[in-house]
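Order of the sequence lines sets the chain letters (A, B, ...), proteins ahead of strands, with each chain counted from 1.
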Amino acid sequence: MNSLLCSALFFLFNAAQAAQQALPEDGGGPLAGLKQAGTVNFVVLAGLLFVVGMAGVLTRRNIIVIFMSIELMLNATNLNFIAFARYWQLQGSLTAANGQMFTLFVIVVAAAEAAIGLALILAHYRNRKTVEVDEIDLLKW
Amino acid sequence: MTIQQIVFIVFALIITAGGVGVLVQRNPLYSAFSLILSFIGLAAMYILMGAQFLGVIQIVVYAGAIMVLFVFVIMLLNVRDDELHPDRHKYLLYIGVPLGLGLIAEVFYVVTRVQIAPAITDMHATGTVGTVERIGVGLLTEYLLPFEATSVLILMAVIGAMHLAKREKE
């Protein structure tokens, strides 16, 4: 299943690039946004990264790998924030730094989250000797 | 094709390869290394978008501090490789793959339909939005309250992590 998902992701990524290059100069049509090199490319990349992270959360059973996939999803949102901050910066907005500020706070909160989460994993491993999410079922029924 | 587009494509491939590596590696340690690769690519993306400070922070905090924590815990627990369980939840494969492809198609659809009003032809980020000066001024004026709240959050995280990871006395 993983390999299938990967090949689908790579195909879509290449398709996005190809669609961008195949467009006529004057643009138009549904893919007009992709013609403008910039923000949309970063948003596509962030979407791909988010989907990869979500696939990791849903398919892996090791809780540490699930945690790393969540970090991947957080980074996808960070990429979105910075892409749109740059977009507004190029528009000449005076509050263009807001997106970067949000990213800074997301990174800080992610650091705190990683510390707490890994401490929880350690404490749980000490009690139950497992990191498999299927075996963490004490509260089930 | 400008130099910025080439840089974008190269690092986009690195980021995607790193992310997919997290997904497909059996050994959690290799997953962590793939994630570091992905983070370094993201730092390059931030710098490409004119967010120099965040690019450096991405490497120092994410690829440095946070990933050291992950690698440390993986080595401390000495977890075994993830085994594949193809027989379990076989029916989920037939639900999950179409749903996953649908999610990707949705993302792709939304992104291609979005209308960017004015054309931006210049990929070069100008101005001083991402510099240390602007970020620092913002942190100590407009974002002073969230900044201080973050300090309290980190203090709580430190105390909580120490308490949780502490070995109980017999």
Side-chain angles (χ1 to χ4, degrees), chain A residues 1-2 4-6 8-9 12-13 30-31 33-34 36-41 43-45 47-49 51-53 55-56 60-62 64-65 68-69 71-72 75 79 82-83 86 89-90 96-97 100-101 103-105 107-112 114-116 118-123 125 131, chain B residues 5 8 12 15-16 19-20 22-24 28 31-32 35 38-39 42 45-46 49-51 54 57 61-62 65-66 69-70 73-74 77 79 82 93 97 100-101 103-104 107-108 111-116 119-121 123 125 127 129-130 134-135 138 143 146 150 153-154 157 160-161 164-165:
Chain A
M1 180 187 174
N2 284 341
L4 191 71
L5 202 59
C6 299
L9 285 173
L12 273 173
F13 185 76
L31 288 172
L34 277 178
Q36 298 149 10
T39 310
V40 177
N41 296 30
V43 174
V44 168
L45 179 65
L48 273 177
L49 209 56
V51 170
V52 171
R60 296 302 297 266
R61 296 169 62 241
N62 189 323
I64 299 176
V65 179
M68 287 195 280
S69 300
E71 297 287 336
L72 212 54
N75 272 279
L79 191 61
I82 296 187
R86 177 178 152 281
Q89 180 191 350
L90 293 176
Q100 298 194 6
M101 289 297 177
T103 307
L104 199 61
F105 287 119
I107 288 175
V108 171
V109 172
I116 291 286
L118 288 170
L120 279 173
I121 292 172
L122 263 179
Y125 185 82
V131 288
Chain B
Q5 280 171 318
F8 172 81
I15 289 170
T16 316
V20 172
V22 175
L23 192 57
V24 299
S31 287
L35 194 57
S38 192
F39 284 165
L42 276 164
M45 281 296 177
Y46 294 172
M49 284 189 280
L54 283 171
I57 286 292
V61 175
Y62 250 122
I66 294 181
L69 211 58
F70 271 97
V73 168
I74 290 169
L77 298 186
V79 290
D82 233 0
L93 193 67
V97 170
L101 290 177
L103 180 63
I104 297 171
V107 170
F108 196 68
V111 158
T112 50
R113 288 283 167 168
V114 75
Q115 290 291 323
I116 303 279
I120 298 169
T121 50
M123 268 190 96
V129 166
R134 281 291 297 274
I135 299 271
Y143 292 89
T150 308
L153 177 78
I154 293 216
L164 284 170

With a 4.5 angstrom heavy-atom cut-off, which part of [X] approaches chain A: side chain, backbone, both or neither?
X	result
B:Ile15	both
B:Val61	side chain
B:Ser38	side chain
B:Tyr62	side chain
B:Leu69	both

### Query
After noting the C-alpha distance and the side-chain angles of A:Leu79 and B:Met49, does the key distance pass the side-chain contact (heavy atoms from CB on, under 4.5 Å) rule?
CA-CA 10 Å; A:Leu79 191 61; B:Met49 284 189 280; 3.6 Å; yes
### Task
Determine the sole option in A:Ile121, A:Leu122, A:Ile116, A:Leu120 for which the side-chain contact (heavy atoms from CB on, under 4.5 Å) test with A:Leu118 is passed.
A:Ile121
Rounded to the nearest 0.5 Å, what's the gap from [atom1] on [X] to [atom2] on [Y]? Could you check?
X	Y	atom1	atom2	answer
B:Met45	A:Leu49	CE	CG	10.0 Å
B:Ile135	A:Met101	CD1	CE	4.5 Å
B:Tyr143	B:Thr150	OH	OG1	12.0 Å
A:Arg60	A:Met68	CZ	CE	8.0 Å

### Task
State, yes or no, whether a side-chain contact exists between A:Ser69 and B:Leu23 at a heavy-atom distance under 4.5 Å.
no
### Query
Looking at B:Ala65, B:Ala157, B:Gly138, which has the largest count of heavy-atom pairs under 4.5 Å with chain A?
B:Ala157
### Query
Based on non-hydrogen pairs under 4.5 Å, which of B:Leu54, B:Leu35, B:Leu42 is most in contact with chain A?
B:Leu54
### Task
Would you mind telling me which of A:Val108, A:Ile107, A:Thr103 has the largest number of heavy-atom pairs within less than 4.5 Å of chain B?
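Heavy-atom pair counts peak at A:Ile107.
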### Message
Between A:Leu104 and chain B, with a heavy-atom cut-off of 4.5 Å, which part of the residue counts as in contact: side chain, backbone, both or neither?
### Response
both
